[in-house]
Amino acid sequence: MKTLVIAVHPNMEGSLVNKTWMNRLHDEEDVTVHDLYAAYPDGTIDVEREQKLLLAHDRIVFQFPLYWYSSPALLKEWQDVVLTYGWAYGSEGTKLHGKELMLAISTGGPEDAYQAGGYNQFSLNELLKPFQATANLTGMRYLPVFKTQGVRLLNEEEVKASAETLVIHIKKAY
């Protein structure tokens, strides 16, 4: 199975967790790591290139830190311009049918902050429903989310361990 990891962080060099994950995934066979902010520093996305990348892979992973209860802005822009009507959805938009979508998420806040009654009032799964809806609309199978929470409190060894767990999660058959 060929996997495309779309890593999205506006300051990848300043992110211990997301940078560690991305660097670790570069070592995996059949995994293509695509750093969206590095590829498009001006925010202008090459739609044809992105659609070709999607077609060449079976499993798509969006890797990002949770920003204001969603993804960083460039991933939203990417979705808006790449997942077009007639290509990704609609009666003729079947190009992604049968592919898999997975999220790899990091949060600064701890897990208990993302629950009913917690600081953020909603579970992480509730907040991520738009991604599940995107998978449904485009005919992709939505896979279990990989999450590492409370990242501000993790030491370097814990971050490295999370990267190894991410590799296992991404390569798992669902």
Side-chain angles (χ1 to χ4, degrees), residues 3-25 33-38 40 43 45 50 54 59-85 88-90 96 99-172 174:
T3 300
L4 173 63
V5 177
I6 300 174
V8 191
H9 195 300
N11 181 16
M12 191 65 79
E13 284 305 309
S15 170
L16 177 60
V17 171
N18 280 272
K19 183 170 83 171
T20 300
W21 289 357
M22 188 178 72
N23 289 340
R24 174 60 185 87
L25 289 166
V33 179
H34 181 39
D35 181 347
L36 217 53
Y37 276 95
Y40 304 112
I45 295 169
E50 296 302 309
L54 290 171
R59 181 173 286 171
I60 313 305
V61 179
F62 293 160
Q63 176 201 314
F64 60 89
L66 196 67
Y67 266 44
W68 286 103
Y69 310 109
S70 188
S71 66
L74 191 57
L75 182 54
K76 177 62 171 96
E77 174 67 11
W78 182 95
Q79 290 173 288
D80 290 347
V81 301
V82 174
L83 304 180
T84 56
Y85 179 81
Y89 69 98
L96 300 177
K99 294 186 183 288
E100 299 173 336
L101 179 64
M102 177 186 289
L103 306 179
I105 307 289
S106 62
T107 68
E111 187 173 356
D112 64 6
Y114 292 92
Q115 297 181 25
Y119 177 80
N120 293 304
Q121 301 295 312
F122 299 97
S123 71
L124 191 56
N125 285 337
E126 288 175 293
L127 295 169
L128 298 175
K129 287 290 185 196
F131 293 97
Q132 186 174 5
T134 296
N136 292 341
L137 181 64
T138 59
M140 293 190 283
R141 198 172 104 188
Y142 189 69
L143 298 179
V145 173
F146 177 84
K147 58 187 176 185
T148 299
Q149 297 185 265
V151 298
R152 289 180 280 192
L153 303 175
L154 299 180
N155 64 40
E156 191 172 331
E157 288 306 311
E158 291 169 319
V159 170
K160 287 180 183 176
S162 76
E164 294 306 320
T165 306
L166 173 59
V167 169
I168 292 165
H169 189 84
I170 285 176
K171 293 196 158 243
K172 183 176 179 179
Y174 290 94

Flag side-chain contact, heavy atom, 4.5 Å: [X] against [Y]:
X	Y	answer
Asn18	Pro65	yes
Leu66	Leu124	yes
Asn23	Val33	no
Glu100	Met140	no
Ile45	Glu50	yes
Leu103	Leu128	yes
Lys147	Glu111	yes
Pro110	Gln149	no

Could you state the interatomic distance from [atom1] ([X]) to [atom2] ([Y]), rounded to the nearest 0.5 Å?
X	Y	atom1	atom2	value
Leu16	Leu154	CG	CG	8.5 Å
Ile170	Leu25	CD1	CG	4.5 Å
Leu96	Leu101	CG	CG	9.5 Å
Leu153	Glu158	CG	CD	9.0 Å
Asn155	Lys160	CG	NZ	10.0 Å
Met22	Ser15	CE	OG	9.0 Å

Original post:
Who pairs with Ala73 by side-chain contact (heavy atoms from CB on, under 4.5 Å), at least two apart in sequence or on another chain?
Top reply: Tyr37
**OP:** Could you go through the side chain to side chain contact (heavy atoms under 4.5 Å, CB included) check for Gln63 and Val8 one step at a time?
**Re:** CA-CA 6 Å; Gln63 176 201 314; Val8 191; over 6 Å; no
**OP:** Check Tyr174, Phe62, Trp21 against Phe146 for a ring-ring contact (aromatic ring centres under 6.0 Å, His included) and give me the one that passes.
**Re:** Trp21
Original post:
Between Ala104 and Val61, what is the shortest heavy-atom contact and its length?
Top reply: CB-CG1, 4.1 Å
**OP:** Check whether the side chains of Asn136 and Tyr142 place a donor and an acceptor atom closer than 3.5 Å, and report yes or no.
**Re:** no
**OP:** For the pair Val151 and Thr107, evaluate side chain to side chain contact (heavy atoms under 4.5 Å, CB included) and give the outcome as yes or no after the intermediate values.
**Re:** CA-CA 6 Å; Val151 298; Thr107 68; 5.8 Å; no
Subject >> Intermediate values then yes/no, side chain to side chain contact (heavy atoms under 4.5 Å, CB included), Ile6 and Asp35 >> reply: CA-CA 6 Å; Ile6 300 174; Asp35 181 347; over 6 Å; no
**OP:** Please check if atom NZ in Lys172 has more than 12 non-hydrogen atoms from other residues, nucleotides or ligands closer than 6.0 Å.
**Re:** no
Subject >> Derivation of the side chain to side chain contact (heavy atoms under 4.5 Å, CB included) call for Lys99 and Arg59 >> reply: CA-CA 6 Å; Lys99 294 186 183 288; Arg59 181 173 286 171; over 6 Å; no
Subject >> salt bridge (Lys or Arg N to Asp or Glu O under 4.0 Å) against Glu164, all qualifying residues, sequence neighbours excluded >> reply: Arg24
**OP:** Give a yes or no answer on whether the side chain of His34 reaches the backbone of Leu36 with a donor-acceptor pair at less than 3.5 Å.
**Re:** no
Subject >> Main-chain N/O of Pro144 paired to His169 side chain as donor or acceptor, under 3.5 Å >> reply: yes
Original post:
Pairs in or reaching into residues 99-132: which pass ring-ring contact (aromatic ring centres under 6.0 Å, His included), with residues at least two apart or in two chains?
Top reply: Phe64-Phe131
